[in-house]
Amino acid sequence: RSRPLLRPATVITSAVMLMGGATAAAATNLVPIFQPESVAPVVIQAGDIASLQPLSRFGTVTGTSKLDLTPESSATALASAAGFSLPTLAAPSALATGSPSYWLVSPEYAQLRISVAKAEQAAAKYGAGVPPTPPGVDGSVLEVATGAGALEVWGLTLPGGTGASGGLFGHTSSKANAGTSGNTGGGPAPAGSSPVVSDLPQLAVAEVQGPTVSSSGADLATLESYLLSQPGISPELAAQIRAIDDPSSTLPIPVPAGANSSTVDVNGHAAVVLATGSEGSAVIWAENGRLFAVLGQASAPDLLDVARQIA
């Protein structure tokens, strides 16, 4: 059974999906309007997921087509490839067995050029009209970008070839066979073995640069108001996003309906804690423009202890 919000790569990218680069922004004259400094839980119903995923109904979407996971031989090799080092855990053995595997997460970006005409066509399918369009919205560009990410994983066979998570556009690939059911502790599988996907790691630690959001055209408040007023976006979801105090630095973290969530302090940083009983737990927070996650089969209090070691 799929557990999309608790797989290591998706903990990062699911948050990016809800929002919809420094390098790309500079190249296209986009103005940075968002960098994560905190997080906030946003409850997502099944209907919300269906309405958010086809961003093309709001305009033209371009960007990376898949999220690549590249195995690295050691923590040192991962740090060299990612450009930063994951924090060292003092004693993860209480929650995980065996040696960890190390994975480089590829940078991603997605760009949406808003088309009022396309939004009106999509609204017609809901049997509804669209609200008046504020000046400057038509043709505005929103771009979401992440830099390289790093994963340290215990007790999970990551996918090889087809993905458990999906990047910004719903596809994940691995650049090597990721493992077999007998290789739950670490690195790539033996040559010729078949890739197998486990449900949940014993423990995983993730860090990613960003996500950042840049725009041209209308300002952030105008674009947010326009997109949240579209037919198909539930009033409940819109109200949660509008209630975020600082939308320029607070990243909404999707919480599946029925999951337990709370906001707690992790060494001075607001963190979202997700607990889904037998499906495991996750702790997610932002710091200095980076997104961090600790997740696994352990209880939320145990994962909080790990998060406080590295925050």
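Excluded from the calculations below are hydrogen atoms, water molecules and symmetry mates; all remaining heavy atoms, backbone and side chain alike, are included.
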> Nearest 0.5 angstrom please: Glu72 CD to Leu151 CG, how far?
11.5 Å

> For the residue pair Ala298 and Leu303, what are the closest heavy atoms and their distance?
CB-CD2, 4.0 Å

> Could you check whether any side-chain heavy atom of Ile233 comes within less than 4.5 Å of a side-chain heavy atom of Leu227, counting everything from C-beta outward?
no

> Just how far is it from atom CD of Gln240 to atom CG of Leu228, taken to the nearest 0.5 Å?
11.0 Å

> First locate atom OG of Ser106, then atom CG of Leu69, and finally report the distance between them rounded to the nearest 0.5 Å.
7.0 Å

> Once rounded to the nearest 0.5 Å, what's the spacing between atom CH2 of Trp103 and atom OG1 of Thr70?
8.5 Å

> Do other residues, nucleotides or ligands put more than 12 heavy atoms under 6.0 Å from Asp246 CG?
yes

> Please report the interatomic distance CD(Glu207) to OG(Ser85), rounded to the nearest 0.5 Å.
9.0 Å

> Apply side chain to side chain donor-acceptor pair (under 3.5 Å) to Glu37 and list each qualifying residue two or more places apart in sequence or on a separate chain.
Gln35

> Closest heavy-atom contact between Trp154 and Pro201?
O-CB, 3.6 Å

> Taking side chain to side chain donor-acceptor pair (under 3.5 Å) as the definition, give me every residue that meets it alongside Ser115, ordered by chain and number, with sequence neighbours left out.
none

> If you look at every heavy atom in Arg242 and Ser229, which pair is closest and at what distance?
NH2-N, 4.1 Å

> Looking at every heavy atom in both Ala270 and Val39, which two are closest together, and how far apart are they?
O-CG2, 3.4 Å

> Is Leu104 reachable from Phe84 through a run of hydrophobic residues whose side-chain heavy atoms are each under 4.5 Å from the next?
no

> Test side-chain contact (heavy atoms from CB on, under 4.5 Å) on Asp245 and Thr250; report intermediate values, then the result.
CA-CA 8 Å; Asp245 289 336; Thr250 302; 5.8 Å; no

> Is there a path of hydrophobic side-chain contacts, each under 4.5 Å between heavy atoms of I/L/V/M/F/W/Y residues, joining Val116 to Phe58?
yes

> Considering all heavy atoms of both residues, which atom of Leu251 and which atom of Pro211 are nearest to each other, and what is their separation?
CD1-CG, 4.1 Å

> Do Val273 and Asn260 have side chains that get closer than 4.5 Å, going by heavy atoms?
no

> Are the side chains of Pro41 and Ile253 in contact, using a 4.5 Å heavy-atom criterion?
no

> Any side-chain heavy-atom pair from Leu304 and Val264 closer than 4.5 angstrom?
yes

> Look only at the side chain of Glu287 and the backbone of Phe292, and say whether a donor-acceptor pair between them is shorter than 3.5 Å.
no

> So do the side chains of Thr222 and Val137 get within less than 4.5 Å of each other, counting heavy atoms only?
yes

> Got a donor-acceptor contact below 3.5 angstrom from the Arg308 side chain to the Asp265 backbone?
yes

> If you look at every heavy atom in Ala148 and Pro107, which pair is closest and at what distance?
N-CG, 3.9 Å

> Distance check, rounded to the nearest 0.5 Å: Gln230 atom CD versus Ser225 atom OG?
9.5 Å

> Going by heavy atoms in the side chains, are Ile114 and Tyr226 under 4.5 Å from each other?
yes

> Would you check if Gln45 and Val43 make a side-chain contact, meaning some heavy-atom pair closer than 4.5 Å?
yes

> Is there a side-chain contact between Leu291 and Thr146, using heavy atoms and a 4.5 Å cut-off?
no

> Under the rule for side chain to side chain donor-acceptor pair (under 3.5 Å), what residues qualify as partners of Ser140, not counting sequence neighbours?
none

